[in-house]
A.B. asks: 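Please see the structure below; I have some questions.
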Amino acid sequence: MTNIQLPDVGTTEALVTQLKASLPDFGRIVDRYGHAAPALRQLGLVHWENGRFDAAARAFTSALSLATEDPDLWRDLASVYSALDQDEQALAAIRVSLELAPDNAQSWQTLASVADRLDDAETAEGAYRRVIDLNPKAAAAHLGLGLLLFRRKSYEAALAAVRASVDLDYVNGLAHFALGHLSFIALDFASCARAFDEAARLTLPLDAPSRQKRARAITFQAMIEGRVQEALQEYSGIAGDDREDLDVIARDAFSVLSASGHLEAAAEIGRMRLAEKPDDPVRRYLLDAVVGRTMAAAPTEYIEQYFDQFAPQFDSKLLGTLQYDAPSQMAKLVAGHRDRFNRMLDLGCGTGLAAEELMRFGSTLIGVDLSSGMLAEAAKRGGYAELVKSEAVAYLQTTQDRFDLIFAADSLIYFGDLGPLLRALPAPWYKGAARPEHRGCRRTKLHAATVRSFCSFS
């Protein structure tokens, strides 16, 4: 049935005789049931509860040698193996249990826990969902599913699962702890602070990052309620020894509140920050954007300064937090038109995230970007024959190079009017056609699929 080795019946019978002689209670359990397997199971449970996991495993395997069709014994053995960090044996044992009793919610919960430990997310998620199907009130399954989805960055589904767990088992501090983090991600700052407070009240101490997140949540919520200056004044008292630099808090509050639609509060913060540094192009541009001030394009001084500052964290934010894969998706579109290019231009190359995707089309790739910080990161990544610091239109107007692929991932949004960019494109792109007026990307006869596919206005 499994590769788990069980003792032979003769060995188990000798053990039973020895235990009956040395443990009167063991003998009484055997007499009550008329069978030794229940007594061996009880002995195993006692060992397990007292942390004697090896002894518990021996008791359970001995019991199974007499009752191989008992699904509860196989589940007990799986749990003990898991406690011993013998996860492969645990997985084998719990699968036997489920073969014998496929509708046992407790066994599915054990499978979910073991699979989770083995980083088998697909099996774990399926098992958690099976537990919930069999027993919708299984708080542990809702929590386990929520934590798994949290790790997979499926935050909305994770939040729903953790909320269900809290509703079913309100005194579980871990569930409140997870709810605090997920509520912060969902920008529900009031719920975040309440959840962290409940976790602490239920004797689950908050670590420093969680305490910082709680202080931010209270501060951001006060700002949303219209108390921006008061919130900033009170922040240090709320955060205590965990306080962060107040300028960082104001900067992040501006970003979070503007992204979540609390534009009035964000604008007030933006005005305060600009008053501190009236010549800062990043602060001025971001405030203009929040208040809805019309502009032809993102100012070059903003782009350069912002991305110089952002460059060291750019990859971790996009790849880790946002799971960004635009270069890969765009390269697939390019491949649908052509598979080889002699010379390629990565326009607005940033940290070079597109380099690996583009190198399959050819070996000569030039990268252009306005930010020296981003170009430094691209140089570390490699793949470029040349990296040039320049504004895109200026480069296209002055370069003597000719390209048969110009690739622009997430850079067109900074141009506003695309007319100057399109008119600056080198001649080979047009295959003899006249240079286009600004009628929108989809109305020009460009060879590059990227511009045609990723520019949506006309």
A.B. asks: Verify the neighbour count for atom CD of Glu386: are there more than 12 heavy atoms of other residues, nucleotides or ligands below 6.0 Å?
C.D. replies: yes

A.B. asks: Output, in order, the C-alpha distance, side-chain angles, deciding distance and verdict of ring-ring contact (aromatic ring centres under 6.0 Å, His included) for Tyr128 and His142.
C.D. replies: CA-CA 7 Å; Tyr128 282 129; His142 286 285; 9.9 Å; no

A.B. asks: What pairs with Arg271 under side chain to side chain donor-acceptor pair (under 3.5 Å), at least two apart in sequence or on another chain?
C.D. replies: none

A.B. asks: Are any of the side-chain nitrogens in Asp280 or Arg273 under 4.0 Å away from the carboxylate oxygens of its partner?
C.D. replies: no

A.B. asks: Determine, stepwise, if the pair Glu301 / Arg284 fulfils salt bridge (charged side-chain N to carboxylate O under 4.0 Å, His left out).
C.D. replies: CA-CA 11 Å; Glu301 62 270 20; Arg284 181 171 296 281; over 6 Å; no

A.B. asks: Above 12 or not: heavy atoms from other molecules or residues under 6.0 Å from CD of Gln309?
C.D. replies: yes

A.B. asks: Parallel, tilted or perpendicular: which one describes the rings of Phe310 and Tyr306, with boundaries at 30° and 60°?
C.D. replies: tilted

A.B. asks: Among residues two or more places apart or on two chains, list those pairs meeting ring-ring contact (aromatic ring centres under 6.0 Å, His included) that have a residue in residues 345-402.
C.D. replies: Phe341-Phe361

A.B. asks: Kindly state whether the ring of His176 and the ring of Tyr170 have centres lying under 6.0 angstrom apart.
C.D. replies: yes

A.B. asks: For a side chain to side chain contact (heavy atoms under 4.5 Å, CB included) check, start with the C-alpha distance between Val80 and Phe60, then their side-chain angles and the critical distance, and finish with the verdict.
C.D. replies: CA-CA 9 Å; Val80 168; Phe60 291 144; 3.4 Å; yes

A.B. asks: Assess, by modelled atom type and distance only, whether the side chains of Arg216 and Thr219 contain a donor and an acceptor separated by less than 3.5 Å.
C.D. replies: no

A.B. asks: Regarding Gln229 and Gln233, is there a side-chain donor-to-acceptor distance under 3.5 Å anywhere?
C.D. replies: no

A.B. asks: Under a 3.5 Å distance rule, please check whether Ser316 uses its side chain to pair with a backbone N or O of Gln313 as donor and acceptor.
C.D. replies: yes

A.B. asks: Once the angle between the rings of Phe184 and Phe220 is folded into 0 to 90°, is it parallel (under 30°), tilted (30 to 60°) or perpendicular (over 60°)?
C.D. replies: tilted

A.B. asks: Verify, without hydrogens or angle tests, whether Ser97 (side chain) and Pro71 (backbone) share a donor-acceptor contact under 3.5 angstrom.
C.D. replies: yes

A.B. asks: Do the side chains of Asp404 and Arg338 get close enough for a salt bridge, i.e. N-O under 4.0 angstrom?
C.D. replies: yes

A.B. asks: Between Gln212 and Asp242 (side chain of the first, backbone of the second, donor and acceptor by atom type, cut-off under 3.5 Å), is there such a pair?
C.D. replies: yes

A.B. asks: Using modelled atom types and a 3.5 Å cut-off, is there a donor and acceptor pairing between side-chain atoms of Trp108 and backbone atoms of Pro102?
C.D. replies: yes

A.B. asks: Donor-acceptor pair, distance only, cut-off 3.5 Å: does the side chain of Arg214 make one with the backbone of Ala193?
C.D. replies: no

A.B. asks: Hey, is the main chain of Leu257 close enough, under 3.5 Å, to the side chain of Ser260 for a donor-acceptor pair?
C.D. replies: yes

A.B. asks: Run the ring-centre check on Phe196 versus His181 and record whether the distance is less than 6.0 Å.
C.D. replies: yes

A.B. asks: Counting heavy atoms not belonging to Glu244, are there more than 12 under 6.0 Å from its CD?
C.D. replies: yes

A.B. asks: Passes salt bridge (charged side-chain N to carboxylate O under 4.0 Å, His left out), Asp72 versus Arg75? Steps please.
C.D. replies: CA-CA 5 Å; Asp72 294 337; Arg75 183 179 63 250; 3.0 Å; yes

A.B. asks: Between the side chain of Ser82 and the main-chain N/O of Ala78, is any donor-acceptor distance below 3.5 Å?
C.D. replies: no

A.B. asks: Under the 3.5 angstrom rule, does the side chain of Arg381 hit a backbone N or O of Thr351 as a donor-acceptor pair?
C.D. replies: yes

A.B. asks: Identify whether the distance between the nearest side-chain nitrogen and carboxylate oxygen of Asp85 and Arg117 falls below 4.0 Å.
C.D. replies: yes

A.B. asks: Keeping the roles fixed (side chain from Glu225, backbone from Arg227), state whether a donor-acceptor pair exists under 3.5 Å.
C.D. replies: no

A.B. asks: Given the rule in the salt bridge (charged side-chain N to carboxylate O under 4.0 Å, His left out) test, do Asp247 and Arg283 qualify, once you have shown the distances and angles that lead to the verdict?
C.D. replies: CA-CA 12 Å; Asp247 186 60; Arg283 296 186 181 192; 3.3 Å; yes

A.B. asks: Under 6.0 Å from the CD atom of Gln106, do we count more than 12 heavy atoms belonging to anything else shown?
C.D. replies: no

A.B. asks: Does Arg201 have any salt bridge (Lys or Arg N to Asp or Glu O under 4.0 Å) partners at least two apart in sequence or in another chain, and if so, which?
C.D. replies: Glu198

A.B. asks: Between Ser258 and Ser255 (side chain of the first, backbone of the second, donor and acceptor by atom type, cut-off under 3.5 Å), is there such a pair?
C.D. replies: yes

A.B. asks: Check the pair Asp207 / Ser210 against side chain to side chain donor-acceptor pair (under 3.5 Å), numbers first and verdict last.
C.D. replies: CA-CA 5 Å; Asp207 56 4; Ser210 299; 2.5 Å; yes

A.B. asks: With a 4.0 Å cut-off on N to O distance, would you call Arg130 and Asp103 a salt bridge?
C.D. replies: yes

A.B. asks: To the nearest 0.5 Å, what is the distance between NZ on Lys389 and CG on Leu375?
C.D. replies: 8.0 Å

A.B. asks: Quiz question: by atom type and distance under 3.5 Å, do the side chains of Asp116 and Ser113 form a donor-acceptor pair?
C.D. replies: no

A.B. asks: Is a salt bridge present between Arg343 and Asp401, judged by a nitrogen-to-oxygen distance below 4.0 Å?
C.D. replies: yes

A.B. asks: Could you give me the CA-CA distance, side-chain angles and deciding distance for Glu377 and Asp315, then say whether side chain to side chain contact (heavy atoms under 4.5 Å, CB included) is met?
C.D. replies: CA-CA 9 Å; Glu377 298 298 321; Asp315 286 6; 5.7 Å; no

A.B. asks: With a 6.0 Å cut-off (strictly less than), is the heavy-atom count around CD of Glu356, excluding the residue itself, greater than 12?
C.D. replies: no

